[in-house]
Amino acid sequence: MSAEKLAAEFGIRGALDFVPVGDLVKAVVSLDGMQGELFLQGATVTHWQPKGERPVIFTSPNAIFAPGTAVRGGIPIIFPWFGPNRREPKAPQHGFVRAAPWQLERAETSRPGEVTLALSIEAKEPMSPFWPEPFRAVYTVTFGPTLSVTLAVQNRAGHEIMFEEALHTYFAVSDIAKVSVTGLAGTTYIDKVDGAQRKTQDTAPIKLTGEADRVYLGTPRQAVIEDSEWRRRIVIEKDGAASTIVWNPWTEKAAAMKDLGADAWTGMICVETGNAADNEVRLAAGGEHRLSTRVAVDAIK
Ligand code: TA6
């Protein structure tokens, strides 16, 4: 549906509009000083900035916005497998919904100062030869003084389905060298930059000093990004998400990514919430699984 038609059907005067970006359509939220953006392709949030705050979500200045291309940044939705498909080496990385068309089902000013969008994607027929299961997913995003997102997956098959999923969130930071991550102390992680070895996180705040690609397992609690330069904490609460993934490509990998580049990588850190590896979801026929995350920002006094 075109931006014009979406605006006519779902637009909310003074709160929600729709604009074309090349061949894509972006929802633009602006309410009481808060701003947000979401691309309908992939249902990808690309911007969220609470009133009086710096942007919280990072989107690469070199991101490519084109049909079938995943956004470098924002909150890509990873489903139904995380990273390389462990069972199908030929499958594309991170599943097949993050650059697929999602349908906007609902848009409302749910509560004062908040705008909620609900989008869906449904596979009555197999969407991928690598995971040919019938399913429906509904993604609900509430832009407000906090940012809440929920991914609900419904099993439309007559048998149990297994899948991985993640909200692959890129957070904006002052400088990767000035941030630390807390909330993961004592947990086990798969270190993907060290032969996928399983290691235990010590109790010190996590400070990255090089490429990091870690899948933390059995981490149902919140994680916090402490930014000493911008004097703020980004608090990431989660529900239905047993895994937390921490990633930064660092110099060499970033320079090789044309949609990131040699400079922008120092201004981001991915702290993703999902269910990956050992935390893969097994969903009974007819069942529904919900993965939620809520992001809030507060000042470091
Ligand atoms: O979440 C971390 C990760 O799995 C890394 O291994 C890296 O591949 C990153 O995702 C980005 O993946 P993408 O397919 O978006 O380039």
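Atoms within a ligand are numbered from 1 in the order they appear, just like the ligands themselves. This chain uses plain numbering: 1 for the first residue, then up along the sequence.
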Problem - Any N or O of Trp247 closer than 3.5 Å to N or O of ligand 1 - result: no
Problem - Min N/O separation Gln93 to ligand 1 under 3.5 Å - result: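 In this structure, Gln93 places an N or O atom under 3.5 Å from an N or O of ligand 1.
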Show me which atoms of ligand 1 lie under 4.0 Å from any heavy atom of [X].
| X | value |
| --- | --- |
| Lys192 | 4 (O), 6 (O) |
| Glu272 | 1 (O), 2 (C) |
| Ile245 | 1 (O) |
| Phe82 | 1 (O), 4 (O) |
| Arg72 | 11 (C), 13 (P), 15 (O), 16 (O) |
| Asp213 | 2 (C), 5 (C), 6 (O) |

Practice task
Check Glu211 against ligand 1 and report side chain, backbone, both or neither, counting heavy atoms closer than 4.0 Å.
Solution key: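 For Glu211, no heavy atom sits under 4.0 Å from ligand 1.
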Handout entry: Cationic N near anionic O, under 4.0 Å, Glu226 to Arg232
Key = no
Practice task
Answer yes or no: is there an ion pair linking Asp191 with Arg214, defined by an N-O contact shorter than 4.0 Å?
Solution key: no
Practice task
Give me the ring orientation class for Phe39 and Phe65: parallel if the planes are under 30° apart, tilted from 30 to 60°, perpendicular past 60°.
Solution key: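 Parallel: the ring planes of Phe39 and Phe65 meet at under 30°.
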Practice task
Answer with yes or no after comparing the ring centroid distance for Trp48 and Phe58 against a 6.0 Å cut-off, counting only values under it.
Solution key: no
Problem - Thr69 backbone acceptor or donor facing Gln41 side chain under 3.5 Å - result: yes
Handout entry: Closest heavy-atom pair and its distance - Thr150, Ser292
Key =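 Minimum heavy-atom contact is OG1-OG, 2.8 Å.
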